[in-house]
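Predicted model, so just to flag it, every value in this text is computed and none were measured. Whatever order the structure lists ligands and atoms in, that order sets their numbers, starting from 1.
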Amino acid sequence: MKIGFVQFAPVFGDRNANLNTVARLIEGCSADLLLIPELFSTGYTFASHKELLSLAEPVTGPTFEALLQLCKKKSICLAYGYAEKDNDVIYNSMAMIDPNGLIGNYRKIHLFWDEKDLFAPGNNGFQVLEYEGTKYGLMICFDWIYPESARTLALRGAQVILHPSNLVLPYCPDAMVTRAIENRVYTVTANRIGEESRAGKNYAFIGMSEIVAPDGKILCRAQKEECCQVVDIEPGIALNKKVTPRNDLLADRHVKYYQH
Ligand code: ACM
């Protein structure tokens with residue numbers, strides 16, 4: 001199957017501009033599933049909880065509606081990060097949708113830096129969603145630094161990890177190679193680019209969106225350009241957890257020694 005990511009610099013607070021950029025980038029891409037970065041429709045650097053509340057939306061809000069039309073037009077599955085409003089509680093969430101509608105929704109568990117002032121930590125656990133015979137595990141940006149996130153998804157059967165991001169630290173692209181190897185899964189990281197200077201804060205996003213194979217091979221990695229990149233993967237490979245004929249990655253865990 002063909003899987004890819006979109007990388008671009010969202011305009012803070014301008015949902016329509018960001019949806020138009022995504023539509024333009026996807027237009028020229030042929031893929032079965034595309035991943036769009038964390039918080040792509042709002043931008044990242046919220047000045048206050050009040051501002052975030054004004055920009056957040058329910059899971060089936062305007063971002064979902066616009067992307068659903070794109071799914072139908074392109075006969076494609078999309079996964080994307082957005083600010084989710086559930087009554088007055090806001091989550092840093094990602095949804096996975098196809099032309100028939102919502103497949104699933106994940107709320108980021110490990111919040112990064114000032115996100116802790118803005119969002120509630122995810123309350124619906126890690127999600128593994130089956131779509132057209134493949135199992136997709138969802139995690140968002142800073143979830144990467146906890147190996148437990150990817151491991152939990154792998155233990156639940158994920159073959160491909162979808163990882164929308166707004167990375168500012170330099171470590172993650174290389175760390176995802178390890179996440180792929182140690183779980184024998186594909187990983188897709190869709191990061192953003194550009195800078196945001198607002199409310200006394202300045203973030204520079206590192207780009208380097210990438211797709212990594214279960215053997216750790218980097219199938220594609222962007223630099224800091226606006227792009228849509230797609231590769232062919234075989235998710236069935238991720239079902240084989242044998243590192244050697246005598247080492248099964250998951251079956252050989254010695255869980256009793258992992259307690260603390
Ligand atoms: C991050 O979690 N957005 C770094």
Asker: Which ligand 1 atoms does Glu115 reach within 4.0 Å, using its non-hydrogen atoms?
Answerer: 1 (C), 2 (O), 3 (N)

Asker: Tell me, please: is Trp113 in heavy-atom contact with ligand 1, that is, under 4.0 Å?
Answerer: no

Asker: For Leu68 and Pro99, work out which heavy atoms get closest and say how close.
Answerer: CD1-O, 3.8 Å

Asker: Identify, by atom number and element, the atoms of ligand 1 in contact range of Lys108, meaning under 4.0 Å from any of its heavy atoms.
Answerer: 1 (C), 2 (O), 3 (N)

Asker: Around atom 1 (C) of ligand 1, find the nearest protein heavy atom and jot down its residue, atom name and distance.
Answerer: Cys141 SG, 2.8 Å

Asker: Flag this pair as yes if the NZ/CZ of Arg156 is under 6.0 angstrom from the six-membered ring centre of Phe126 and inside a 45 degree cone about the axis; otherwise no.
Answerer: no

Asker: Would you mind listing which atoms of ligand 1 come within a distance below 4.0 Å of any non-hydrogen atom of Phe142?
Answerer: 1 (C), 2 (O)

Asker: I'd like to know if Val168 contacts ligand 1, where contact means a heavy-atom distance under 4.0 Å to any ligand atom.
Answerer: no

Asker: Only one of Tyr146, Phe119, Trp144 forms a ring pair (Phe, Tyr, Trp, His ring centres under 6.0 Å) with His110, so which one is it?
Answerer: Tyr146

Asker: Are any of the side-chain nitrogens in Glu27 or Lys73 under 4.0 Å away from the carboxylate oxygens of its partner?
Answerer: yes

Asker: Yes or no on salt bridge (charged side-chain N to carboxylate O under 4.0 Å, His left out) for Arg184 and Asp248, after CA distance, side-chain angles and deciding distance?
Answerer: CA-CA 10 Å; Arg184 288 183 89 79; Asp248 185 297; over 6 Å; no

